[in-house]
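Here is the structure we will look at.
By convention in this document, chain letters (A, B, ...) are assigned in the order of the sequence lines, proteins followed by strands, and residues within each chain are numbered from 1. All values derive from a computational prediction rather than experimental measurement.
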Amino acid sequence: MSDIGITVKKSEDFSEWYTQVILKSELADYAPVKGCMIFREHSYAIWEKIQEIFNAKIKRTGHRNVYFPMFIPESFLKKEAEHFQGFIPQVAWVTVGGDSQLEEKLAIRPTSETIMYSTYAKWIRSWRDLPIKLNQWNSVVRWETESTRLFLRTREFLWQEGHTAHATKEEADQEVKEILDAYKDVIENYLAVPVLIGKKTEREKFAGALYTTALEAMMPDGKALQMGTSHQLGQNFSKVFNIKFLDKNEKERYVWQTSWGFSTRMIGAMVMLHGDDKGLMLPPKVAPIQVVIIPIPYKGVDAKVIQSRAREIHERLQKSTISVVLDDRAEYTPGWKFNAWELKGVPIRIEIGPRDVKKKQVTLARRDTSERIALKEDDVVNEVTKLLEEIQSNLFNRAKKSLEESIATVETYDEFKEIFRKKGGFIRACWCSNSACEEKIKDETGATIRTVPLEKEKIFSKCVYCGEEAKEVVYFAKAY
RNA sequence: GGGGCUGUCGGCUAGCUUGGUCUAGGCUUGGAGACUUGGGCUCUCUAGACCCCGGUUCAAAUCCGGGCAGCCCCA
């Protein structure tokens, strides 16, 4: 075993394992600037898949893509006080252009509410102009000073941000929910990452929002990772940016708005959740390469026959919708290739050797179970298609099971602390809805309320901290 | 926000405590070739490094200061 592969076990040194998987599978690399990363072909291809899937979904529901500039005048950012307070510590500024000092410094967007909404004010006059449902794929900069992690926390990251304006609160509520459902579909059914869905508390909500909904996943090290957020902004921004319209009754009204986003950090979640000691394990639906074919020639046996069989199978799969690569490089041994492609997370490997040729079969190897299956050549396309689906659901089911196992229900604060310290995960507890208790728990344990279920769960005890009457069941965890 | 650790060929590292044959060693990778191919084969040849800036000293990979970058722990 050389250093080409992963040299630590996921279960023994999770942090080191995570870094190695990303670097060695060539998903990403470090950039020369602190906290910045390079998305290499492998991770960018995954991101493109995600874009494809999500674009199709939101376009079906009337959203369109746009691009707004990355520079935001300071005065714009300051208009909504809460928003400004929330982002100011992390904003990177441009103060000089060429050799002249700028009159007003420009923020490099940490998010685009302000620049987009100042423009929405121009575009919206009448109820006929509504709704506006725009999305953009871009990068944002948040100048993290704490330690940064590849994909999870970087100073610049890729994301999509959707920004809508509606005539009524109900419509905006509906939009928040619709996007939340779209996110759930992408994250669970494509990335195979199961999530808890709910609202954020006042303390955790987006700066400037009326309320925030979010999707939270649980990582193998017991920490929760936020996979996406969808905010009801109310009229907070429309009032400060003066986004008004005349309704059908000729009455002037402020619009109701939403914003929502998910970022490349979800790729990090996928890596952590599905990867193993051999490296990456990609869910078939987002894997840039779903199948790799490795011919196994022997000297003395007719190598040409094996080559041509491999090509034939390759062609057959290419004609279907399966994304397939034929690795017929002579310089590497089959064993070397097995390891290399497993490291990259390819879901299915097809081996074709003398034994297979003789029996008119191919040998399939599953990345998720390491199982080897012999298949009749003629069944390849059908069987591979079926198997890809099976691997997809196997990955999700496994992760779902571990999510469920990570949730511990507690009634007392002692239990809370004990379980939280020992294994992390989600702690399900009753809460009095008082921010003071939430704050104390965070100070004393580091756990925050990750989510308040949308459909209230049945109260089963007093508030876990203060012992007063509880108002809701919530999920605590340490956050990434 | 606080504390700690680290930085040597592309990767992993030896050397640093006690400055001096270090002209920086090994493994791996990269390049050329041979031999092979059902789990990272083997052999030959070859290329490749002391993070940056400053200081101490006859002499710095080694000691000191600063910077940059990475990692860990606590809040």
Side-chain angles (χ1 to χ4, degrees), chain A residues 1-8 12-26 28-38 40 88-90 143-156 221-223 276-279 292-307 309-310 326-344 346 348-359 361-367 369-375 417 420-421 424 439-448 478-480:
Chain A
M1 181 76 177
S2 71
D3 290 343
I4 312 167
I6 310 298
T7 57
V8 294
E12 284 168 12
D13 188 347
F14 186 68
S15 184
E16 171 68 16
W17 171 87
Y18 178 72
T19 307
Q20 280 198 18
V21 169
I22 290 169
L23 296 178
K24 294 188 175 181
S25 68
E26 299 181 333
D29 206 345
Y30 286 104
V33 179
K34 177 186 163 68
C36 294
M37 63 176 287
I38 297 158
R40 303 185 63 175
I88 193 68
Q90 296 187 324
W143 210 254
E144 301 287 349
T145 52
E146 289 180 47
S147 61
T148 54
R149 287 325 290 291
L150 290 167
F151 291 110
L152 305 178
R153 176 174 283 139
T154 48
R155 282 182 170 171
E156 181 192 16
D221 61 352
K223 289 198 250 174
D276 64 11
D277 293 343
K278 290 175 174 178
V292 60
I293 301 172
I294 300 178
I296 300 162
Y298 271 90
K299 207 181 177 174
V301 184
D302 197 347
K304 282 205 180 123
V305 175
I306 289 164
Q307 282 300 341
R309 279 292 159 76
L326 170 63
D327 185 358
D328 56 1
R329 292 174 295 178
E331 319 79 275
Y332 294 104
T333 61
W336 193 93
K337 293 177 188 173
F338 294 171
N339 284 290
W341 290 106
E342 281 167 355
L343 178 58
K344 284 191 164 271
V346 176
I348 295 178
R349 174 178 73 239
I350 297 180
E351 301 167 20
I352 302 173
R355 292 206 291 268
D356 299 301
V357 169
K358 208 179 293 170
K359 294 190 200 161
Q361 65 171 35
V362 298
T363 301
L364 252 62
R366 287 176 67 155
R367 177 66 179 86
T369 59
S370 302
E371 191 187 349
R372 272 185 158 98
I373 309 155
L375 264 192
K417 285 186 288 192
F420 186 69
R421 191 176 46 80
E439 192 72 35
K440 286 267 172 52
I441 292 172
K442 183 187 161 115
D443 287 347
E444 291 169 22
T445 67
T448 51
K478 184 166 175 138
Y480 254 96

Distance check, C1' atoms only: B:A61 and B:G1, in whole angstrom units.
35 Å
Please determine, for the side chain of A:Tyr30, which listed nucleotide (B:G70, B:U37, B:G38) has the closest atom?
B:G70
Quick one: does any side-chain atom of A:Trp17 pair with a main-chain N or O of A:Asp276 as donor and acceptor, under 3.5 Å?
yes
For A:Asp221 and A:Tyr480, test the side chains for any donor-to-acceptor distance below 3.5 angstrom and give the result as yes or no.
yes
For the student: nearest non-hydrogen atoms of A:Lys344 and A:Glu26, plus distance:
NZ-OE1, 3.4 Å
When all nucleic acid strands are considered with a 4.0 Å heavy-atom cut-off, which category describes A:Glu16: base, sugar-phosphate, or nothing?
nothing
Take atom CG of A:Asp356 and atom P of B:G38, then tell me their distance rounded to the nearest Å.
13 Å
Determine the contact category for A:Arg372: base if any of its heavy atoms lies under 4.0 Å from a base atom, sugar-phosphate if only primed atoms, P, OP1 or OP2 are that close, otherwise nothing.
base
Decide yes or no, distance alone: a donor-acceptor N/O pair under 3.5 angstrom between the base of B:G39 and the side-chain of A:Arg349.
yes
Give every pair of a protein N or O atom and an N or O atom of nucleotides 41-51 of chain B that lie under 3.5 Å apart, one pair per line with the distance.
unit_1: B:C41; atom_1: OP2; unit_2: A:Thr333; atom_2: OG1; d: 2.6

Please find the pair of heavy atoms, one from A:Thr148 and one from A:Arg153, that lie closest to each other, and give the distance.
CB-O, 3.1 Å
Comparing nearest nucleotides in RNA chain B, the 5'-proximal residue of the pair A:Glu331, A:Lys34 is A:Glu331
Using the C1' atom on both, measure B:C53 against B:C58 and round to a whole Å.
23 Å
Using the C1' atom as the reference point in each nucleotide, state the distance between B:C43 and B:G67 in Å, no decimals.
47 Å
Between A:Thr445 and A:Arg355, name the one whose nearest nucleotide on RNA chain B is closer to the 5' end.
A:Arg355
I'd like to know if A:Glu342 and A:Arg349 make a salt bridge, using a cut-off of under 4.0 Å between side-chain N and carboxylate O.
yes
Answer yes or no: is there a donor N or O on one side and an acceptor on the other, between the side chain of A:Gln20 and the main chain of A:Thr7, under 3.5 Å?
yes
Nearest to side-chain heavy atoms of A:Thr148, which nucleotide of B:G70, B:G38, B:U37
B:G70
